[in-house]
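In what follows, chains are A, B, ... by sequence order, proteins preceding strands, each numbered from 1.
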Amino acid sequence: MSSLWRHLKATPAMFRVSLADTVAYRAELAIWVLTATLPLVMLALWETIAAGAPIAGMTKIEVSRYFAAALIVRQLTGAWIVWEMNFEIRNGSLSAKLLKPLHPIWVWAVWTVSAMPFRMIVLTPLLALLAWARPELLTLPAAPDLALFAVSVTLALALAFLVQTAFGSLAFFMDRSIGMFSLWFGLWSFLSGYIAPTAFFPSWAQNILYYLPFRATLSIPVEILSGRLHGGLAWQEIGIQCVWVCVFGIIARTLWNTGVARYEAFGS
Amino acid sequence: MIRILSALIRASLMVSFQYRSDLFFEAATGILRCFSAIAPLWLAFQHTTAIAGWTPPQAMLVMSLFLLFHALQGGLFEPNLGEVVQLIRQGNLDLWLIKPADAQLLVSLRRIDPSYLWDFGVSILMAGVCIAQIGPISALDAALAALLAVNGVLAMYGLWMLAICTSFYFVRVDNLRYLLTTAADAGRWPASVFSTGIRWALTAGVPILLVTSTPAEALRGQWTWTTVAGSLGIGLAFVGLARVAWMRSLASYTSASS
């Protein structure tokens, strides 16, 4: 209990430090954000195809709205700690972090969340441009759906963070942890709804994808935000998100604990 | 110069093959990377017979050219030019400057990342299959396509070099190359998917379309002397600018050790 209280008490100060750190390297973050504009490229591609006839029941405007929502969700669920973890584990700077009375993963979590306001600021010009050129693409869902979206996008961020923590912890055991993560990322980008709505897949594939963790990090909140997923069906998918958050929570925790126990970096 | 070039390539291949144990893992990554690049195209053609006028083999050719460039970018540009940023910051660039050969050539071809050799092989194979499926191609079209592809790669090299030169003046530009790779990612789709503005940006700004769509169009016989001359002009401009920027940056470089 005292450990939990210690972490919570330190969080506001950590948040301020992380925020200052993010602002100090703002040019770097701006580049990260720009690299996440891929949904706009996919929007152009699928719009061209949907211009002729609806794809899998989605009209051109629905396809475009989907990718406009994907642009936003991608930013809100951005976690990039796998590189940071890999770097700190390998060069030994993790040792200093382990000495502190705060759990390193908590420090990274606060760091991830504190980047959000800034990500939003950088996203604003992109959204403004979109609102000016294609105002019909940015529509807000009704209040109940908006609440669902808030829950779903939070779970998606948590899952993205935990997946990266798990892959980051692999650096304790092997040199190739970043390579493993790129493999995951390759699969993820195709199966999560990032480059195509999962509705475009053959139905047998959709049935499998429904239960896999990929959709839970992106396409569920995207579909809620773009008004394709409502009420009970949305709650079902949020349930799946919860399950995956727990599963990856356990995996990440196990890998981290085993890893730290055998950690032998420089200076430890 | 040719002698230096071949020596450099031989040395970098020798260095990279020291780590053979990773070969299996890298083969798996490379093949999966190519697969995940083709997958969206496969999905798109489940729903249509042509993307903005491009049939499956034609669109696939654009994709293979993109993968070919991607392999060059990952296997050659990234390990060499990306490293220059580090060399400048740590002062090790001095060691390369005192060698009796052109420094730009040396820093551009020091190393080859062997993990991308797989991508390179697979994408060449893919391009071959696509070209065979497109049907008979006139010798002029084929020659022009090859010339334009080389020109496109040189243009992208010039852009990379320009980006690297900024690291002589600013400290944190590592991420500039992520920006370049991401912008280049748009090149995997046929140019006509994009609006005119974006198409211009991807031709004259980040000239990735010169590597992918332009040669593919030439191969289909869809070229005019204006587009060919324009493409070559842009390619020359990038390489020329990069050379000037490199010489200027070196002239103002104060080195870490002197």
Of Ile55(A), Leu45(A), Val41(A), Leu40(A), the largest count of non-hydrogen pairs under 4.5 angstrom with chain B goes to Leu45(A)

| Is the count of non-hydrogen atoms from other residues, nucleotides or ligands lying under 6.0 Å from Trp42(B) atom CH2 greater than 12? | yes

Counting heavy-atom pairs under 4.5 Å with chain A, the top scorer among Leu43(B), Ile51(B), Thr48(B) is Leu43(B)

When the 4.5 angstrom heavy-atom criterion is applied to Ile195(A) and chain B, the contacting part is side chain

Applying a strict 4.5 Å limit to non-hydrogen atoms, the region of Phe200(A) in contact with chain B is both

Closest heavy-atom pair, Ala44(B) versus Trp46(A), reported as atoms and distance to 0.1 Å, is CA-CH2, 3.5 Å

- Query: Just wondering, are more than 12 heavy atoms of other shown residues or ligands nearer than 6.0 Å to CZ in Phe173(A)?
  - Reply: yes

Mark yes or no for whether His47(B), through its side chain, and Ile49(A), through its backbone, hold a donor-acceptor pair below 3.5 Å.
no

Can you establish whether the number of heavy atoms outside Tyr211(A) located under 6.0 Å from its atom OH is more than 12?
no

So, the part of Met42(A) with a heavy atom under 4.5 Å from chain B: the answer is side chain

Smallest heavy-atom separation, Gly186(A) atom then Ser36(B) atom, equals O-CB, 4.0 Å

